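First the structure, in the form of structure tokens, and then the observations on it.
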Amino acid sequence: MSDKNFKRYTITSALPYANGPVHIGHLAGVYVPADIYARYLRLRGNDVAFICGSDEHGVAITLKARKEGKTPQQVVDQYHEQIKTSFEKFGISFDIYSRTTSKTHHETASEYFQKLYENGKFLEQSSEQFFDPKENQFLADRYIKGTCPTCSFPEAYGDQCESCGSTLSPSELINPKSMLSGEAPVLKATKHWYFPLDQYEDWLRKWILEDHKEWKPNVAGQCKSWLDGGLKPRPMTRDLDWGIPVPVEGAEGKVLYVWFDAPIGYISATKDWAAATGKDWEPYWKSDDTKLVHFIGKDNIVFHCIIFPALLKADGGYIFPENVPANEFLNLESNKISTSRNWAVWLHEYLEEFPDKQDVLRYVLTANAPETKDNDFTWKDFQTRNNSELVAIFGNFVNRAVVLTHKFFEGTVPMKNELQPIDEAVLVDVKAGIKSIEASLEQYKFREALSQLMDVARSGNKYLAETEPWKLIKEDKERVATIMNIALQISSTLSIIAEPFLPFTSGKLKEMLCLENADWKLAGESDLLKEGQEIGKAALLFEKIEDSAVEAQVQKLMDTKKANEAEAEGSKVVPAKEVVNFEEFMKMDLRVGEIKTAEAVPKSNKLLKFTVDTGLDQRTIVSGIAKHFTAEEMIGKKVLVMSNLAPRKIMGIESQGMLLFAENEDGSLKAVSPGSDAQNGATVA
RNA sequence: GGCGAGGUAGCUCAGAUGGUUAGAGCGUCGGAUUCAUAACCCGGAGGUCGGGGGUUCAAUUCCCCCCCUCGCUACCA
């Protein structure tokens with residue numbers, strides 16, 4: 001933990017990629033915690049720049065545009081607006097929400113690159129890349145489609161097969177085709193600028209693993225894994241027509257790699273913010289007394305902990321992040337959130353379907369944030385947390401305090417008389433609670449901080465239950481005055497300390513109590529409201545969420561699931577392949593074989609090595625079926641063998657043929673078994 | 001397979017430089033209460049701390065092996 005006295009804070013949260021709306025996973029992982037942190041710091045009077053914006057470059061945007069028949073600019077304009085608006089409505093208090101297509105950013109990123117270039121920080125390297133001769137354009141991996149070598153899915157992308165999930169490189173695809181022209185791509189040399197990450201390895205190792213031992217285990221562990229694996233130079237430029245042009249001679253048709261320009265987007269956004277507010281941006285990025293914190297999801301760890309810091313180091317003028325509190329992922333009703341499968345709770349939809357309930361979602365996402373491991377969001381849990389925590393504990397306490405004050409003292413803050421031990425005790429409790437919240441927030445333990453906030457409300461309820469003002473009123477109104485005064489002071493404290501977590505509620509509560517001075521420092525004081533001061537009417541801070549509302553959401557997800565299944569059903573059967581003529585068919589030597597020996601291939605978890613009696617000979621065949629069959633159960637089985645397939649080395653073993661299996665749509669393999677009376681070597685035709 | 005992160009009450013999670021009865025919230029059961037959105041408050045039940053070995057007077061906490069989940073990464077003719 002750093003005890004340094006920081007003069008200002010630069011808080012960044014991951015730039016959302018502008019090819020889709022924001023969902024609860026993004027919120028729980030990044031934006032809600034970042035917002036809590038930023039609001040807390042501001043409440044304590046700190047100088048804070050809370051920075052974000054849309055990430056609008058990269059291949060995925062161009063693909064999306066092409067698919068929808070739009071220009072990339074139209075795509076990012078649409079999502080940028082949508083994302084920006086929903087963040088605003090949700091109460092994420094960015095000081096600026098910018099975008100990477102802005103002029104400032106293009107200039108900033110371009111200059112950044114140029115400076116590194118001029119200082120010799122890059123390596124120039126040529127390599128062979130796929131090129132579409134008809135469109136006269138280099139092809140990103142995702143621009144190439146072909147048949148998956150693993151599962152024969154004919155529409156696999158050059159980087160991944162969406163059917164079986166294997167990671168691919170374009171050269172592995174069978175019958176690769178350019179998605180632009182449909183032509184077969186050719187290999188062609190192209191030059192790129194590589195950033196030699198390996199040169200920063202020692203520095204990174206010390207900076208992360210020695211100087212920042214306080215980083216979260218998941219973050220530090222991930223970094224160590226990368227460092228131990230050895231860093232390699234990474235190309236920082238791409239052949240693409242959407243992005244920031246590489247500002248170097250001989251780089252026509254090339255743009256900066258999206259992960260080069262995106263983090264620099266934090267800097268550009270800070271510049272825009274500074275310009276708009278008449279500040280100087282530089283201290284926020286270059287001064288040692290600035291604390292820089294990146295809020296991100298775990299998928300971004302390598303970029304924010306390795307690549308970007310190394311780029312900052314290469315420039316030499318920048319500070320480094322003090323911490324990168326990356327969160328894990330949030331699942332939805334036990335399934336991974338998926339944009340393409342529409343398995344998500346979209347923020348813009350939530351805002352419409354649960355109007356005025358921003359804080360409920362903020363609360364649930366914080367209480368169940370994936371801080372140490374992946375977590376699950378369920379609508380049932382959403383309902384329970386609202387009904388039995390927000391309504392029953394927080395809302396209820398405030399309501400009791402305000403209603404009783406109106407009942408007994410006509411809505412004015414009654415006079416506090418001599419305090420009894422129980423009064424002192426509850427006030428001490430509340431103050432201790434605030435200290436704990438501060439400590440938790442400073443360690444990025446938002447879940448814990450939130451539960452400590454609820455504990456303060458619990459103390460309030462307990463205080464009322466123990467002092468029973470509704471009974472005492474008959475005999476000792478003076479004593480009740482003290483009790484209600486204290487209950488109102490606690491409510492006021494709640495309105496202050498809830499602000500980072502539940503800003504809308506905090507606002508409502510302050511208004512109800514007519515509380516004006518609401519610095520964090522005042523929280524816990526017993527004279528936040530003055531005696532004789534009027535307070536407003538009781539209004540419910542939270543309302544119950546009925547079963548029907550939750551059931552409707554679950555139903556919506558079920559419908560999505562059904563639609564997905566229907567779609568999968570439609571594409572379940574792999575489409576027919578091209579017609580082959582009889583001669584081609586007869587070229588294949590298919591025959592019955594018998595497995596004599598079988599063993600797992602060391603260091604592989606998919607491969608089994610067999611000795612097969614093909615009637616012709618005993619030969620070695622390696623097959624990737626270990627996930628479906630054990631070596632033991634295969635011994636003695638009759639199998640179909642493609643025996644004249646060209647031999648191929650797999651993990652150093654020469655495989656002389658291929659075993660044939662049936663593959664179901666879910667990827668599971670089923671034996672195709674000749675009868676036991678089929679002879680070894682019997683031909684199949 | 002390698003690396004990383006997790007596996008603690010029905011659910012969501014704390015915790016431990018090894019040491020008396022392993023914690024919290026929610027749920028559940030019982031009680032009390034009626035100011036409050038059938039809410040609050042009190043109490044009970046509920047865990048061989050993923051499995052197996054080892055070190056130790058003592059391990060859930062340290063070491064080794066194994067299993068499961070998630071992520072990154074490699075093999076899949």
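Lettering follows sequence order; numbering is per chain, from 1. The shown structure was predicted, so the numbers you read here are calculated from the model rather than taken from an experiment. Just so it is clear, the values below take in all heavy atoms, side chains as well, and ignore hydrogens, waters and symmetry mates.
Nucleotide B/G25 holds its P atom 15 Å from the CG atom of A/L453, rounded to whole Å. To the nearest angstrom, C1' of B/U34 lies 10 Å from NZ of A/K474. In this structure, the CZ atom of A/F382 is 18 Å from the P atom of B/U12, given to the nearest Å. One can place CG of A/L209 at 12 Å from P of B/G4, the figure rounded to the nearest angstrom. A/R400 places its CZ atom 10 Å from the C1' atom of B/U33, with the value rounded to the nearest Å. Nucleotide B/A5 holds its P atom 16 Å from the CH2 atom of A/W226, rounded to whole Å. In this structure, A/D299 places its CG atom 15 Å from C1' of B/G4, rounding to the nearest Å. Spacing between atom CD1 of A/I483 and atom P of B/C40 amounts to 21 Å, rounded to whole angstrom units.
A close approach under 4.0 Å does not occur between any side-chain nitrogen or oxygen of A/T372 and OP1 or OP2 of B/G7. Look at A/S388 and you'll find a side-chain N or O under 4.0 angstrom from OP1 or OP2 of B/G27.
When atom types are taken as modelled, the side chain of A/N331 and the backbone of A/F377 share no donor-acceptor pair closer than 3.5 angstrom.
Listed by residue number, the members of residues 391-399 of chain A with any heavy atom below 4.0 angstrom from RNA chain B are A/V391, A/A392, A/I393, A/N396, A/N399.
Across B/G19 and B/C35, the matching C1' atoms stand 48 Å from one another, rounded to whole Å. Between B/U61 and B/G1, the distance separating the two C1' atoms is 30 Å to the nearest Å. Distance check on atom C1': B/A24 versus B/G46 gives 15 Å, rounded to whole Å. Comparing the C1' positions of B/U21 and B/U48 gives an interatomic distance of 16 Å, to the nearest angstrom. The gap from the P atom of B/C26 to that of B/C40 amounts to 8 Å, rounded to the nearest Å. Of the C1' atoms belonging to B/U56 and B/G47, the separation is 25 Å, rounded to the nearest Å. For the P atoms, the distance linking B/A9 with B/A22 amounts to 14 Å, nearest Å. Between the P atoms of B/A59 and B/G54, the separation comes to 11 Å (whole Å).
A/L541 comes within 4.0 angstrom of a base, heavy atoms only. Backbone-only engagement by A/K298 is indicated by non-hydrogen atom pairs under 4.0 Å involving sugar-phosphate atoms exclusively. Within 4.0 Å (heavy atoms only), A/E389 reaches sugar-phosphate atoms of the nucleic acid but no base atom. A/S451 comes within contact range of no nucleotide atom at all, as no heavy-atom separation falls under 4.0 Å. Looking at heavy-atom distances under 4.0 Å, A/K407 makes contact with sugar-phosphate atoms alone, never a base. Within 4.0 Å (heavy atoms only), A/F542 reaches at least one base atom of the nucleic acid. A/P217 comes within 4.0 angstrom of sugar-phosphate atoms only, judged by non-hydrogen atoms across all strands, and of no base. As judged by a 4.0 angstrom heavy-atom cut-off over every strand, A/K224 is placed among residues making no nucleic acid contact.
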Notebook entry, point to check: Which letter, B, S or -, goes with each nucleotide of nucleotides 60-66 of chain B from 5' to 3', with contact meaning a protein heavy atom under 4.0 Å?
Noted result: -------

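Salt-bridge formation is detected for the pair A/E438/A/K435: a Lys NZ or Arg NE/NH1/NH2 atom is positioned less than 4.0 Å from an Asp or Glu carboxylate oxygen. A salt bridge is absent between A/K206 and A/E210: the closest approach of a Lys/Arg side-chain nitrogen to an acidic carboxylate oxygen does not fall below 4.0 angstrom. Residues A/D202 and A/R205 are not paired through a salt bridge, judged by the lack of any N-O separation under 4.0 Å between the basic side chain and the carboxylate.
Remark: the A/R400 side chain and the A/N461 side chain contain an N/O donor-acceptor pair separated by less than 3.5 Å. Side-chain contact annotation: A/Q222 with A/N218, donor-acceptor N/O pair under 3.5 Å absent. Between A/N386 and A/Y363, the side chains place no donor N or O within less than 3.5 Å of an acceptor N or O (distance only, hydrogens not considered).
Aromatic pair A/F354/A/F382: ring centres closer than 6.0 Å. Less than 6.0 angstrom separates the ring centroid of A/Y200 from the ring centroid of A/F195.
Pairs of residues two or more places apart, or lying in two chains, that qualify as salt bridge (Lys or Arg N to Asp or Glu O under 4.0 Å) and include a residue from residues 294-308 of chain A are A/K298-A/E328, A/K298-A/D374. Contacts classified as salt bridge (Lys or Arg N to Asp or Glu O under 4.0 Å) and involving residues 464-474 of chain A (residues at least two apart or in different chains) are given here: A/E468-A/K471.
In this structure, A/D376 and A/E328 both approach RNA chain B, and ranking their closest nucleotides by distance from the 5' end singles out A/E328. Taking for each of A/R447 and A/R458 the nucleotide of RNA chain B with the nearest heavy atom, the 5'-most of the two is the partner of A/R447.
Set against B/C70, B/C35, B/U34, the side chain of A/V403 has B/C35 as its closest nucleotide. Closest contact between the side chain of A/L540 and the listed nucleotides B/U37, B/G15, B/G71 involves B/U37. Closest approach to the A/E448 side chain among B/C26, B/C70, B/A14 is made by B/A14 (side chain taken as heavy atoms from C-beta onward).
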Check: If pairs are Watson-Crick or G-U with both distances under 3.5 Å, what is the dot-bracket string of RNA chain B, marking crossing pairs with [ ] and pairs to another strand with |?
Finding: (((((((..((((.....[...)))).((((.........)))).....(((((..]....))))))))))))....

Margin query: A/K216 vs A/E371, test: salt bridge (charged side-chain N to carboxylate O under 4.0 Å, His left out). Steps then yes/no.
Written below: CA-CA 9 Å; A/K216 293 171 58 172; A/E371 285 178 7; over 6 Å; no

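Residues that satisfy the side-chain contact (heavy atoms from CB on, under 4.5 Å) test with A/S388, not counting sequence neighbours, are A/T384.
Using the six-membered ring where Trp is involved, A/H294 and A/H304 have ring planes that are perpendicular, over 60° apart on the 30 and 60° scheme.
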